[in-house]
Amino acid sequence: MTSMPVGGITPALGPQDGGHADLVLRNGKIHTQDPARPTATALAVRGGRITALGDDGDIAGSVGPGTRVVDALGRRVVPGLNDSHLHVIRGGLNYVLELRWDGVPSLRQALAMLREQAGRTPRGQWIRVVGGWTADQFTERRMPTPAELTAAAPDTPVFVLHLYQSAILNRAAVRAAGFTRNTPDPRGGQIVRDREGHPNGLLLASPSALVLYSTLAKAPTLDESDKRVSTRHFLRELNRFGLTSAVDAAGGFQNFPENYATVTELARAGELSVRIGYHLFPQTAGQELADLRRWAETVRPGDGDAWLRLNGAGENLTWAAADFENFSEPRPDLADGYEDEFEQAVRLLMEHGWGFRLHATYDETIRRDLAVFEKLAAEGLFPGRRWLFDHAETVSPDSLERIAALGGGISVQNRMSFQGRAFAERYGAMAAGTAPPIVDMLRAGIPLAAGTDATRVSSYNPWVALHWLVTGRTVGNLPLRPAEQLVSREQALELYTAGGARLTGEEADKGVLAEGRFADFAVLSHDYLTVPAGDIPHIESVLTVTGGRIVYAADTYEGLDEALPTVSPAWSPVAHYGGYQATLAPSAAGARQADLLAEAAAESEQHRQWRIARGFAPGEPPPVFDPCFAL
């Protein structure tokens, strides 16, 4: 099947390749984000770009005998989403190994999934739950205990990461990780122990998450073939939610070039379904400058193509300059004197024409970094290539003015969707209401983009992030942001599409649906612009197109997308559960319950008719006798 059967458009006569469109989408409510033409109902695609946009009449001449025509059936169509801070490369390498609790509504269900997965996980492998959930999403409002993990999986190592704060291990995982009463606490972390000094299965980031990630790194990894399969399935999972682009923020335990080999191979084979702009992150303390110098002398930002391209350095340049984001712990004080090495790193990058991004949670860190930038600005090195701060939850108005003056940008993430309660308990409701101060950033004219920081903390589901931008509520429905700190649905979507394109210098190609732009768009399951706000996290794409390719298709369009290899290994949690666990939208819950009752009643009536037809029951239903109304 090459297209949906539709009416209203007659193919033009002529040769199959006579300049006609490869793909036409019609009968949609297209939100273009183009001020010159904000709405449309149809668009045509050829060679991966939009060639015509308007109504049926405007695109009729683009339809030829070989054109695939798809009817949007009146659904909302938006530009492809672009997560401006997603650890997509690392996430892809591990996706099929992970049991995802993203979207799971109760701890009881989460533990049941774990117990069932233990039955098919082979000896020597771990069950790992790595990010995308918080205790606040569960009806029980709590985390699992090590004892519960051990009861669910007595013999299989289980590692459960909870935000940047902690990890819970069962007894088998404590043994597999090699923890004993003689194991010392790592710097910045704590191995919680019982009264006899034995590790009890709880690891705490205090405040560094290194103990969490270094323990996870002890688990088995995939072979090269399965890494390709895993990455392709992760990208398809992102396509499921309408993502067509992502900016990879690198991160710890993501070495260049070896950990980038999989996406490079997929790009070479034309098998990427998400466009990726990536960063390079020095991994070893003490040799950051050597790494940056080697990279700066061999490659340049912009190298690559529209599917895979280098975007710059970061999100760390030097380890000493990085703060931490465990809001259950006090704000860390960074070491004195980190600025000297940090200045050398920034100077090196700017002199070689490199942009960069910087992990900075607190204003205290941002102010120290800005002092270095202002020193270099006096030498004419700022503003230079694109640079930005990531996160910036507590950035001050003064710092925003300084960022704007230096030509910097900011990428914000919905970490408060998952950590908002911990932040509010430590810093107060007023501080939580402006963490980060998105409206103030926009007023300052700073280039701004939105993302998730998935996969080890927030979920990769962009609609959870959009819900937070629009409502200011956590996944546990805790209101954090006052009305004056909220953005409109249109503005939030712009931050999640054109915003990411600005940070990578691709604003002429992405984020807007117009002639000549990339044919990157999503047909949504529900209308983002009109559904009740509580339904936004439940939106998915039913048809995602990247570069004119249908990379995800569901519902009416099932089977129109590209085939994927079978999930491997066969025991993978993703093979059984998939990724994000979708639940019914709040506005549909009551209606769905009524539908189920109606279906049950209809089935009951069908059963009665079946009995009548076979002589098992009288033809007329018996009279109803209600003694309450008997005279």
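Here, residue 1 is the first one in the sequence, and each next residue gets the next number.
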Aromatic plane relationship, His391 with His85 - under 30° parallel, 30 to 60° tilted, over 60° perpendicular:
tilted
Donor + acceptor pair across side chains of Gln117, Thr121 (<3.5 Å):
yes
Nearest-0.5 Å distance that lies between atom CG in Leu81 and atom OG1 in Thr452
11.0 Å
Can you say whether the rings of Phe382 and Phe356 are parallel (under 30°), tilted (30 to 60°) or perpendicular (over 60°)?
perpendicular
Decide whether a cation-pi geometry holds between Lys510 and Phe521; the criteria are a distance under 6.0 Å from NZ or CZ to the six-membered ring centre and an angle within 45° of the ring axis.
no
NZ or CZ of Arg90 within 45° of Phe253 ring axis and under 6.0 Å:
no
Can a side-chain donor-acceptor contact be found between His359 and Asp390 if the only test is distance below 3.5 angstrom?
no
A cation-pi test, strictly: NZ or CZ of Arg275 under 6.0 Å from the centre of the six-membered ring of Phe518 and no more than 45 degrees from its axis. Yes or no?
yes
Could you tell me if Arg549 sits above the aromatic ring of Trp307, with its cationic atom closer than 6.0 Å to the ring centre and no more than 45 degrees from the axis?
yes
Once side chain to side chain contact (heavy atoms under 4.5 Å, CB included) is applied, do any residues pair with Ala173, and if so which ones, sequence neighbours excluded?
Pro157, Leu169, Asn170
Determine whether the side chains of Glu401 and Ser399 contain a donor N or O and an acceptor N or O closer than 3.5 Å.
no
Crowded around Asp223 CG? As in, over 12 foreign heavy atoms under 6.0 Å?
yes
